[in-house]
There are 2 protein chains.
Amino acid sequence: METSKRPGGRSARVRDAVRQATLAELSERGYQGLTVENVAERSGVHKTTVYRRWGGIEGLISDALELASHEPWPIPDTGSIEGDLRGVVQLVRSGFADPELGPVSSAFVAAAVQDAAAARALHDFFAARHEQSAEVVRRAVARGELPDVVDPSEVIRVAVAPVYYRLFVAHEPVTERDADRAADAALAAARAGVL
Amino acid sequence: METSKRPGGRSARVRDAVRQATLAELSERGYQGLTVENVAERSGVHKTTVYRRWGGIEGLISDALELASHEPWPIPDTGSIEGDLRGVVQLVRSGFADPELGPVSSAFVAAAVQDAAAARALHDFFAARHEQSAEVVRRAVARGELPDVVDPSEVIRVAVAPVYYRLFVAHEPVTERDADRAADAALAAARAGVL
DNA sequence: CTCCAAAAACTACTCCAGTTGCGTTAGATC
DNA sequence: GATCTAACGCAACTGGAGTAGTTTTTGGAG
């Protein structure tokens, strides 16, 4: 939500309380267990207020996502593109495997599949992630490990895509080996000059 | 749903009517617009009957998905692995771009993200698709185009994953060129022996 | 043709997500 | 520190998803 006329007072407190409650509820109950009433009760903010300012569950998700997108994202720097790319993909995998963060991250994906506003928020989120992660590819190009015709963010996309595909489309388990293999495949393609 | 004691009579008619109505509603209104009452009214079957036999929206989706999974899936045979793999990925892309089939396919993905039963149904669906599509890889191995150490269904997964990733996770548009590039990337990885 | 049982139709109900109108509070402005 | 107003709290209401009990239909078996 954008800055209101009274950003420093009660409104800001309400906003923070609701955001925090949303993340907590998401972590504990997951997306399908998330209700406006639970968030309202947990945050101490009245149900009506949540509906008025956030519009509903999708609004809560979008807001929480916007908050999450500002958190820093550690870019691996192992010295080689193999290690860096594997690191990026493993970070994705472990993020969803984490018992606390996993449900929250999954909720964002689930919400975006249904709601247009959440989809836009998630789009922006991933655009930022791609851009940041692409740094490992740009460094590899600078080191001469990859041809300079590669599209850095496309390498990232192809590397992480199989993990998301398994998790949210095919609904298959994802092992660490699967993640490494996905990273290696993207790297092979980049070396061959097709990315 | 499994075969009941009276598969030839009224039960079968009801089942078909509901299935067809579900697909029609899905195509017109999408997943978020799908309600049991609409399906009931459209099919001419009473609301309570739908609830009793299908349990709810998720049951309707799972049933429709099970129906869809039995439909034949055309496997390309262009003579070369490049053409075949590109054909497989383009088939995925065009399926979601189609104004009639797209909403239905998307609904399956959306439902599976939320409901465990739908997730299982979609898992089975994709397992079958992977197995069928892997034929193009096996043929390529037989022709000597690819090393025989490749995991055929893994090549398919890596090839189609970027399309699904763009559509349902990053929510980016997917061009024909994107699809070809994904196929080419998987092929390069397979040739390099990492898949 | 008759009878039986399974499945569907019908009616009426519950429950809860989401809404509305109004009164109250608190932060900003002077 | 008095006032003004945006934002919040509150309680009552609405509507539709989902349920339960009962009656009616229909396909199958003897």
Side-chain angles (χ1 to χ4, degrees), chain A residues 1-22 24-26 28-64 107 110-111 114-118, chain B residues 1-22 24-26 28-64 107 110-111 114-118:
Chain A
M1 307 298 149
E2 49 283 344
T3 51
S4 70
K5 277 188 179 178
R6 295 177 176 182
R10 184 164 56 159
S11 298
R13 283 200 304 275
V14 164
R15 182 182 174 177
D16 291 344
V18 169
R19 277 180 159 181
Q20 194 175 341
T22 301
E25 286 287 315
L26 232 38
E28 288 177 15
R29 304 171 195 259
Y31 176 63
Q32 54 192 351
L34 186 73
T35 75
V36 172
E37 293 208 343
N38 284 342
V39 170
E41 192 182 357
R42 181 169 205 143
S43 64
V45 172
H46 203 86
K47 182 176 84 158
T48 319
T49 301
V50 177
Y51 276 112
R52 269 201 267 265
R53 287 211 12 187
W54 282 269
I57 296 169
E58 287 77 15
L60 289 173
I61 297 271
S62 297
D63 189 36
Q114 297 209 321
D115 182 69
Chain B
M1 309 292 149
E2 50 282 342
T3 51
S4 71
K5 276 188 179 178
R6 296 180 174 182
R10 184 164 57 160
S11 297
R13 282 199 303 276
V14 164
R15 182 182 174 178
D16 290 345
V18 169
R19 277 180 158 182
Q20 195 175 341
T22 301
E25 285 288 314
L26 230 41
E28 288 178 13
R29 304 172 194 257
Y31 176 63
Q32 53 191 351
L34 186 72
T35 75
V36 173
E37 294 208 345
N38 285 342
V39 170
E41 192 182 358
R42 182 170 205 142
S43 64
V45 172
H46 204 85
K47 183 176 83 159
T48 47
T49 300
V50 176
Y51 275 111
R52 269 199 263 268
R53 287 203 27 182
W54 281 269
I57 297 167
E58 287 77 14
L60 289 173
I61 297 271
S62 297
D63 189 37
Q114 297 209 323
D115 180 70

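Lettering of chains follows the sequences in order, A, B, ..., and the numbering in each one begins at 1. Just so you know, these numbers come straight off a predicted model, no measurement behind them.
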Starting from P on C/dA17, measure out to CD on B/Q32 and report it in whole angstrom. 19 Å
Whole-Å distance, A/D16 CG to D/dA7 P, equals 16 Å
Separation of C/dG18 P from A/W54 CH2 (nearest whole Å): 16 Å
Can you find a side chain N or O atom of A/T48 that sits less than 4.0 Å from OP1 or OP2 on D/dG9? no
What verdict does the side chain to side chain contact (heavy atoms under 4.5 Å, CB included) test give for A/I57 and A/T35, after you've listed the backbone C-alpha separation in whole Å, the side-chain angles of each residue and the deciding distance to 0.1 Å? CA-CA 7 Å; A/I57 296 169; A/T35 75; 5.5 Å; no
CZ/A/R52 to NZ/A/K47 distance, rounded to the nearest 0.5 angstrom? 11.5 Å
Kindly indicate, with the supporting measurements, whether the criterion side chain to side chain contact (heavy atoms under 4.5 Å, CB included) is fulfilled by B/I61 and B/D115. CA-CA 10 Å; B/I61 297 271; B/D115 180 70; over 6 Å; no
Which part of the nucleic acid, if any, lies within reach of A/G44 when heavy atoms closer than 4.0 Å are counted: base, sugar-phosphate only, or nothing? sugar-phosphate
In whole Å, what is the span from the CG atom of A/L60 to the P atom of C/dG18? 10 Å
Measuring to OP1 and OP2 of D/dA7, would you say a side-chain N or O of A/R53 lies under 4.0 angstrom away? no
Show the numbers, then the answer: is there a side chain to side chain contact (heavy atoms under 4.5 Å, CB included) between A/N38 and A/R29? CA-CA 10 Å; A/N38 284 342; A/R29 304 171 195 259; 3.9 Å; yes
Selection from D/dG27, C/dG18, D/dG9 that lies nearest to any side-chain heavy atom of B/R13: D/dG27
Rounded to the nearest Å, what distance is computed from the CD atom of residue B/E37 to the C1' atom of nucleotide D/dG15? 10 Å
OP1 or OP2 of D/dC10 versus the side-chain N and O atoms of A/H46: is any pair under 4.0 Å? yes
Nearest whole angstrom, please: distance from the P of C/dC16 to the CG of A/N38. 12 Å
Value in whole Å for how far the P atom of D/dG18 lies from CG of B/L34: 10 Å
Taking only the side-chain heavy atoms of B/R52 (C-beta and beyond), determine which of C/dA17, D/dA7, D/dT22 contains the nearest atom. D/dT22
Hey, does the side-chain of B/K47 have a donor or acceptor N/O within less than 3.5 Å of a partner on the base of D/dG18? yes
Under 4.0 angstrom between A/Y51 side-chain N/O and C/dG18 OP1 or OP2: yes
Taking CD from A/E41 and C1' from C/dA17, how many angstroms apart are they, rounded to a whole number? 15 Å
Test item: B/R15 and B/R19 side chains (from C-beta on) under 4.5 Å apart, heavy atoms: yes
